[in-house]
Number of protein chains: 2
Amino acid sequence: MSDERSASCDTAAQAGRFAAGADPVKREQILDGAKRVFMSVGFDAASMNDITREAGVSKSTIYVYFANKDELFAAIMERERMQLTQSLQDLLSGIEDVEEGLFRYGVGFALQVTAVGTVSAMRTMIAVASRMPQLSGQFFQQETLNVRTVLEHFLEQQVARGTLRVDDIPLAARQYIELCTGTFFKLCLFGVARTPPSTSEIERVVTGAMKLFMAGYGVKKSDPSMQ
Amino acid sequence: MSDERSASCDTAAQAGRFAAGADPVKREQILDGAKRVFMSVGFDAASMNDITREAGVSKSTIYVYFANKDELFAAIMERERMQLTQSLQDLLSGIEDVEEGLFRYGVGFALQVTAVGTVSAMRTMIAVASRMPQLSGQFFQQETLNVRTVLEHFLEQQVARGTLRVDDIPLAARQYIELCTGTFFKLCLFGVARTPPSTSEIERVVTGAMKLFMAGYGVKKSDPSMQ
DNA sequence: GTGCAATCGAACCACTCGGTTCGAAAAGGT
DNA sequence: ACCTTTTCGAACCGAGTGGTTCGATTGCAC
C-alpha cells in the first residue's frame, strides 16, 4: 500500500499531477513565501493574509497543505535547521593539521552563523522560545550539539596525536567556538551590525582566537630541528 | 512658570495629588504590569487588554500616561537598559590585581547576563530588532559599549603595570568576555538552559577562561623571589 | 474534447486588536 | 460636606485575525 503510493508519487513527479496537498513544488512555494514573511516580522506579526500574498497561492490552498499557522511555522523552522546543520557537517573532513583545522572550522562556522538567513532564523526562533519550548528546544538543541561535536572529535584526535594538551575537551571546544564567533553573532543578532562581517575581519578574529587557543593548549615543539 | 510647576510637583509628592498622567507611583504600576506581559509573550502577543489586567489600572488611564503601545514598550525597554547598565558600572572599582579583576569581572558579568530578567529583556528586544531598529540600536549599542569599555580600561592599566602584554586591547576584551559568558548567554537565550547556571559552574568556566587568557597574554614572573 | 480534481478567490465567521468616549466612582484638598 | 480632578470601566469603533465554505477556474490525463 505505502510502496504503491510511493511509486505513484515518483511516477507523478514526472507528470506534474498530485493529490491535493501533495505537490512538492507547491509546498515549497508556500514555504518559501511564508519564510520570507516570518523571517521579516516574526511569528505573531506575520498574518496568513500576508503569507497568502507573498506565496502567491490561495489561502485555502495553504490550509490544504498545512493544518494551521503553527504547523506552517514549524515546518519552516525545521527546514531552516536542517539546512544549517547540513552545511556544517563537513567543515573538518579530511583535515589532520591542527592549525589548518582550527582555522577552517573557525572561519567556516563564523561565516555560517553571521549569514543574514541564519541570523533571522535564530532571531525568529528566539522570539517564540518561551511560548514554543518544544519547537525551540528541537531547533537549538540539535544544532548546538552537532556543531560542537564535530570540533570535539577533532580536538580529541589532536590530543591523541600529541599536538594539543586538553584536560576538558568540551570546555575547550566551547571556548574556541566563542572566541571565533561570539561577538560577531551577538552583534548581528542584536541588529547592531547591519551587515555580516567581512571575510577578512572574520579571518583576523579567528587568527587571534587560534593564537590564544594554541598558547593555552598547544604542545610546543621541543625539537628545534623540526621547525 | 516651569520652576513653579516643578516646585508644585515636589510639594505634591508628599501630598499624593498629581495632574493627570503625572503620578510616579501610578506610572511605575503601569510599567511593572506591562513589563511582565511584554517579557512573557513579547511585544506583538502582549495585548493592551492583558496589560490593563496585569497592571490593575484602567485602559483609559494607561492612555493618559502613554500615547500608545509603542511608547509604553519603549519606556519599559529604556528602564531595563538603564538598570542593566547601572549594575555593571562598578565591577572593577578599586581592583588592581590582574587575576582578581578578571575573575571578578567574569563572574559578575556572567551572573548578570544570565539572570532571568536580563535574558527575557534581551529576547524581547531581539524579537523586534528588525522592526524597531532605533530602539534596539539604542538598547544594545549603549549596553555593549559600556560593558566592554570597563574591561578595556582595566586591561590598559594592566598592560601599563607590566602584568599583561596585549597588542590589541579591544580584541582581547572581546575574547575574554566571550570566554566567560558566551555559551551561558546563548543557552539561556535559546531556551536550552531553563534556569541560570549555578555560581559554581560560572566560576569553573571563568577560571578556565582566565587560565587560557593568562596563557596568551600574561607576563610570566621572571623573578622567582616575587612569588 | 471531455472528465476529474487541484487550486483559486471572494465571501464569510466569531473573535481580537489598539485606541476612543464619557458618565460614574473614587480620591484628595479645603 | 463640598468641590475639583483623577481614575475607572463599560461600551464602542474600524480594522484585522486565523480559519472555513464553496462555486468557478484551471490544469492534467485520457
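Residue numbering restarts at 1 for every chain, and letters A, B, ... go by the order of the sequence lines.
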* Heavy-atom protein contacts under 4.0 Å, nucleotides 6-13 of chain C, coded B base, S sugar-phosphate only, - none -> SSBB----
* Measure up the B:Phe190 and A:Phe140 rings against each other and bin them: parallel (under 30°), tilted (30 to 60°), perpendicular (over 60°). => parallel
Would you indicate whether the side-chain heavy atoms of [Y] and [X] approach each other to under 4.5 Å?
{"X": "A:Val147", "Y": "A:Tyr105", "value": "yes"}
{"X": "A:Met125", "Y": "A:Met122", "value": "no"}
{"X": "B:Asp44", "Y": "B:Arg131", "value": "yes"}

* Is there a residue in residues 30-42 of chain A whose heavy atoms reach under 4.0 Å of DNA chain C, and which residues are they? -> none
* Structure fact -> note: A:Leu72, atom CG; D:dG19, atom C1'; distance rounded to Å ~ 13 Å
* Structure fact -> Rounded to the nearest 0.5 angstrom, the CE-CE distance for A:Met77 and A:Met132 is 10.0 Å
* Look at all strands and tell whether A:Ala45 reaches a base, only sugar-phosphate, or nothing, counting heavy atoms closer than 4.0 Å. => nothing
* **B:Arg53/B:Asp50 salt bridge by N-O under 4.0 Å criterion** => yes
* Got a sec, which pairs hit ring pair (Phe, Tyr, Trp, His ring centres under 6.0 Å) with one end in residues 23-67 of chain A, sequence neighbours left out? -> A:Phe38-A:Phe43, A:Phe38-A:Phe73, A:Phe43-A:Phe73
* Does B:Lys26 make a cation-pi contact with B:Phe18, if we ask for NZ or CZ under 6.0 Å from the ring centre and within 45° of the axis? -> no
